Each structure stands twice: as structure tokens, then as C-alpha cells.
K.L.:
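Before I ask anything, let me first share the structure, which is written out below as C-alpha cells.
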Amino acid sequence: MKITGTFVLLTLAVLCLAISQNSDAAKEDEVDCSEYKRLERGRPIYCERLYQPFCGSDGKTYNNKCSFCKAVLRSRGALHMKQAGAC
């Protein structure tokens with residue numbers, strides 16, 4: 001009985017660890033565009049000419065977070081990040 005209990009506890013610990021790692025990976029695939037939503041509606045968003053590419057779910061490479069977030073706002077949240085870096 002002790003062996004079975006130990007096995008069950010170890011299995012639960014491994015399962016919890018796997019779930020934790022998957023949720024951390026999902027968070028890394030998200031881009032926080034909240035700073036751009038706070039800008040006044042109707043005012044243009046100007047982005048720096050910094051190249052840190054993001055690949056969107058539409059297959060386009062965006063130059064940086066700002067240009068990606070502008071596209072997300074234009075799509076009303078339909079656009080998501082496919083990967084960090086160029087497509």
C-alpha cells in the first residue's frame with residue numbers, strides 16, 4: 001500500500017509540474033498590447049523604427065511590438081502572435 005501511495009503522489013507531482021510548464025509557455029506566446037489601448041481613440045499611433053520582428057497569425061512579419069499591436073487593434077483582437085521573430 002505504501003508503494004502505491006508513493007507512486008500516486010509522484011505521478012500527481014509530475015502532472016502538476018507539466019501543467020505549470022505548459023501555462024508558462026502559453027504566456028510567452030502572448031503580447032501585451034494594453035499600453036496602446038489606453039491611447040485616445042482616433043489618434044494615430046507612431047512607432048519607432050526598431051526591428052524586433054513578430055510573426056502574426058495572418059502570416060505577416062511586423063517590424064516590432066508597436067506595429068504588431070497596431071495591427072491587433074485594427075483587427076479588433078482577431079490577430080494573434082504566431083511566433084517571436086520573422087515569419
Side-chain angles (χ1 to χ4, degrees):
M1 189 69 178
K2 282 186 174 182
I3 295 173
T4 304
T6 303
F7 178 74
V8 169
L9 286 176
L10 286 174
T11 304
L12 287 173
V14 169
L15 182 62
C16 289
L17 184 62
I19 290 172
S20 172
Q21 288 177 348
N22 284 340
S23 66
D24 289 344
K27 289 178 187 174
E28 290 174 5
D29 290 343
E30 296 176 13
V31 176
D32 181 20
C33 293
S34 61
E35 63 187 283
Y36 300 100
K37 290 179 184 177
R38 287 182 270 157
L39 297 174
E40 292 180 40
R41 291 181 184 246
R43 294 193 64 191
I45 298 172
Y46 296 103
C47 299
E48 296 177 333
R49 291 185 176 209
L50 177 68
Y51 189 70
Q52 292 177 332
F54 286 87
C55 180
S57 57
D58 59 355
K60 291 183 181 178
T61 298
Y62 296 90
N63 287 339
N64 53 39
K65 178 181 175 182
C66 179
S67 61
F68 176 75
C69 287
K70 281 175 61 173
V72 169
L73 292 174
R74 271 188 248 123
S75 74
R76 296 190 174 146
L79 179 66
H80 299 285
M81 185 178 83
K82 188 174 181 180
Q83 68 184 29
C87 294

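The structure presented is a predicted model; accordingly, all values stated were derived computationally and were not measured. Every heavy atom of this structure was used, including side-chain atoms; hydrogens, water molecules and symmetry mates were not.
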K.L.:
What pair of heavy atoms forms the shortest contact from Lys82 to Gly56, and how long is it?
P.N.:
CB-O, 3.8 Å
K.L.:
Asp32 and Cys69: which non-hydrogen atoms are nearest, and at how many Å?
P.N.:
O-SG, 4.3 Å
K.L.:
Checking Phe68 now: which residues fulfil ring pair (Phe, Tyr, Trp, His ring centres under 6.0 Å) with it, not counting sequence neighbours?
P.N.:
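Ring pair (Phe, Tyr, Trp, His ring centres under 6.0 Å) check on Phe68 returns Phe54, Tyr62.
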K.L.:
Give me the atom names and distance for the closest heavy-atom approach of Leu79 to Ser57.
P.N.:
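So the minimum-distance heavy-atom pair works out to CD1-OG, 3.4 Å.
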K.L.:
Who pairs with Asn64 by side chain to side chain donor-acceptor pair (under 3.5 Å), at least two apart in sequence or on another chain?
P.N.:
Ser67
K.L.:
Write down the atom of Glu35, the atom of Lys65, and the distance for their closest heavy-atom approach.
P.N.:
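Heavy atoms of Glu35 and Lys65 come nearest at OE2-NZ, 3.2 Å.
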K.L.:
Below 4.5 Å, heavy atoms only, C-beta onward: do Val72 and Val31 meet side chain to side chain?
P.N.:
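The answer is no; the side chains never approach within 4.5 Å.
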K.L.:
Can you give me the closest heavy-atom contact between Cys55 and Ala86, atom names plus distance?
P.N.:
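It is CB-C, 4.2 Å.
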